[in-house]
Amino acid sequence: MGLKMSEKTSHIDICIASYKRPQLLAKLLASLAAQTLPEGVSVGVIVVDNDPAGTAREPVEKAFAAGLPIRYFMQPKKNIALTRNMGVANAVGEYIAFIDDDEYAEPDWLKICYETLNKYQADVVFGPVIGVLPEGAPKWINAEIFFKGVRLPTGAELLRGATNNTLLRSSIISAQQVFFDPKYGLTGGEDTDFFQRLQRGGAKLSWCKEAAVRDIVTADRMTAGWLIRRAFRSGQMFAEICVKHTNWFSWVRWLVYRFCLVVLALIGGVLSWPIKRNWGVKCFQKAASNIGQVSTLFRYRYDEYGKG
């Protein structure tokens, strides 16, 4: 197996928060078992199951029996932030990696992340997430349009990031009183908040375009409704976490700008939908994202992870 190394000097813990995706988790664990590691580096896997029924236990036990160094924990309260925090709390390595349970990694993924982290003397490295559509996906669903993710040159510095493809030095979070904030445990955005706090505290966040992982797009995500709701939620969390108004003038200017974008995007969506549905949906996503940002003026929050 690719994880076996001699003369180990550094250790990476790969933290996975899992919720009712046993088959996809099994595929991910198989890809982690096949990782080619840098010399002198060992790896362990931590799976935290957020399903009280324990649906992640079977694939974890099978991976352990096959020789993967893996530990299993249960976090029964539905809260993605608490689930991630349990993984971080049980990590013992000098490095912590994050990857989602509906993704899988190429054999050199972790090696490239590790080398990039050290080459650019970064504290955190993020990589792209490439959507993989199944056979029989609706023709209007285009991975390049809806699931292409961020595209930046390697070494580019970031202000924030996500936990779907990440490697960081554990020393930068040892002094953090709060890792992932539980108040974002149902809405999402806990990773945006976490990494932005790290960056504002002096951590260097870098990008690596070569360290891609694949995201398996499931049927429930291949609908216009899901794509638009996700855009609304993302806009809502971005505004709540990242947008700060210093005075009433900046607040009014921001509100007017968002309102104009909503109007233009809705017009574009109505005109595009009959001709090219994917561009129509993209326009409605833009409108939803900006409506989500404006909605932070009110108390309502869309609890995406609070749903079954």
Side-chain angles (χ1 to χ4, degrees), residues 13 15-21 46-52 56 73-91 96-102 123-124 126 129 150 158-166 168 170 172-203 205 221 226-246 250-251 254-255 258 285 288-308:
D13 280 309
C15 294
I16 303 165
S18 186
Y19 182 72
K20 294 185 178 181
R21 290 170 170 166
I46 298 171
V47 174
V48 183
D49 194 347
N50 197 204
D51 180 10
F73 299 90
M74 169 73 72
Q75 198 295 104
K77 183 176 180 180
K78 187 179 286 188
N79 188 300
I80 187 64
L82 293 177
T83 306
R84 297 199 195 285
N85 284 342
M86 182 171 285
V88 173
N90 285 280
I96 298 174
F98 295 101
I99 188 169
D100 286 350
D101 65 347
D102 58 350
D123 296 300
V124 187
F126 303 97
V129 177
V150 179
L158 307 177
L159 298 177
R160 61 192 69 90
T163 50
N164 48 11
N165 181 359
T166 312
L168 59 82
S170 57
I172 68 170
I173 62 173
S174 59
Q176 290 280 317
Q177 292 184 342
V178 177
F179 300 147
F180 297 98
D181 194 333
K183 79 176 182 179
Y184 300 117
L186 297 181
T187 61
E190 79 293 339
D191 46 0
T192 301
D193 168 71
F194 173 66
F195 289 116
Q196 182 167 272
R197 281 189 281 115
L198 288 181
Q199 192 274 338
R200 288 176 175 173
L205 280 53
R221 296 163 59 194
W226 185 91
L227 291 166
I228 293 168
R229 289 192 298 272
R230 169 55 72 96
F232 175 87
R233 194 273 290 178
S234 296
Q236 195 175 63
M237 289 300 99
F238 174 80
E240 179 163 313
I241 296 167
C242 306
V243 177
K244 307 296 179 185
H245 299 294
T246 56
S250 68
W251 181 89
W254 172 83
L255 188 61
R258 295 297 154 193
Q285 282 187 297
S289 175
N290 284 279
I291 293 171
Q293 291 195 47
V294 174
S295 74
T296 56
L297 300 174
F298 309 97
R299 291 186 177 183
Y300 172 74
R301 295 295 179 269
Y302 176 53
D303 291 345
E304 181 175 2
Y305 296 109
K307 302 184 182 301

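The structure presented is a predicted model; accordingly, all values stated were derived computationally and were not measured. Residues take their numbers from the sequence shown, with the count starting at 1.
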How long is the straight-line distance from CG of Leu186 back to CG of Asn79, given to the nearest 0.5 Å? 5.5 Å

Taken to the nearest 0.5 Å, the spacing of Asp193 CG from Leu198 CG works out to 9.5 Å

Please check this pair: side chain of Gln196 against backbone of Ile241, looking for a donor-acceptor N/O pair closer than 3.5 Å. yes

Distance-minimising heavy-atom pair for Ala56 and Val47: CB-CG1, 4.2 Å

Among all residues two or more places apart in sequence or in another chain, which pass the side chain to side chain contact (heavy atoms under 4.5 Å, CB included) test with Leu158? Phe126, Leu152, Leu205, Trp207

Sequence neighbours excluded, the answer for side chain to side chain contact (heavy atoms under 4.5 Å, CB included) partners of Pro52 is Pro76

Quick one: does any side-chain atom of Arg84 pair with a main-chain N or O of Ala17 as donor and acceptor, under 3.5 Å? no

Rounded to the nearest 0.5 Å, how far does CD1 of Ile46 lie from CD1 of Ile16? 9.5 Å

So that I can tick it off, tell me whether Lys78 and Asp303 are bridged by a salt bridge, with the cut-off set at under 4.0 angstrom between side-chain N and carboxylate O. no

Interatomic spacing from NZ in Lys77 to CG in Asn50 - rounded to 0.5 Å: 10.5 Å

Heavy atoms only: give me the nearest Asn90-Met86 pair and the separation to one decimal. ND2-O, 2.8 Å

Could you tell me whether a side-chain N or O of Gln236 sits under 3.5 Å from a main-chain N or O of Tyr300, the two making a donor and an acceptor? yes

Please test Tyr184 against Asp191 for side-chain contact (heavy atoms from CB on, under 4.5 Å), starting from the C-alpha separation and ending with a verdict. CA-CA 9 Å; Tyr184 300 117; Asp191 46 0; over 6 Å; no

Who pairs with Leu255 by side chain to side chain contact (heavy atoms under 4.5 Å, CB included), at least two apart in sequence or on another chain? Trp251, Val294, Leu297

Check the pair Phe195, Thr166 against side-chain contact (heavy atoms from CB on, under 4.5 Å), reporting the backbone distance first and the verdict last. CA-CA 11 Å; Phe195 289 116; Thr166 312; 3.8 Å; yes

Can you name the nearest heavy-atom pair linking Asp181 to Glu190, along with the distance? O-CB, 4.1 Å

Do you know the tightest heavy-atom contact between Cys15 and Ile96? SG-CG2, 3.8 Å

Can you tell me how far CD1 of Ile80 sits from OG1 of Thr187, rounded to the nearest 0.5 angstrom? 11.0 Å

Asp101 meets the salt bridge (charged side-chain N to carboxylate O under 4.0 Å, His left out) criterion, sequence neighbours left out, with Arg21

Does Ser295 use its side chain to pair, donor to acceptor, with the backbone of Gly292 at less than 3.5 Å? yes

Rounded to the nearest 0.5 Å, what separation is found between the CZ atom of Arg160 and the CD atom of Gln199? 8.0 Å

Atom of Leu227, atom of Gln285 and distance for their closest heavy-atom approach: O-NE2, 3.1 Å

Quick one: salt bridge (charged side-chain N to carboxylate O under 4.0 Å, His left out) partners of Arg301, sequence neighbours excluded? Glu240

Side chains of Val243 and Arg258, heavy atoms from C-beta outward: is any pair under 4.5 Å? no

Which residues satisfy the ring-ring contact (aromatic ring centres under 6.0 Å, His included) test with Phe180, sequence neighbours excluded? Phe98, Phe194

Looking only at non-hydrogen atoms, find the nearest pair between Ile173 and Val88 and report the distance. CD1-CG1, 3.5 Å

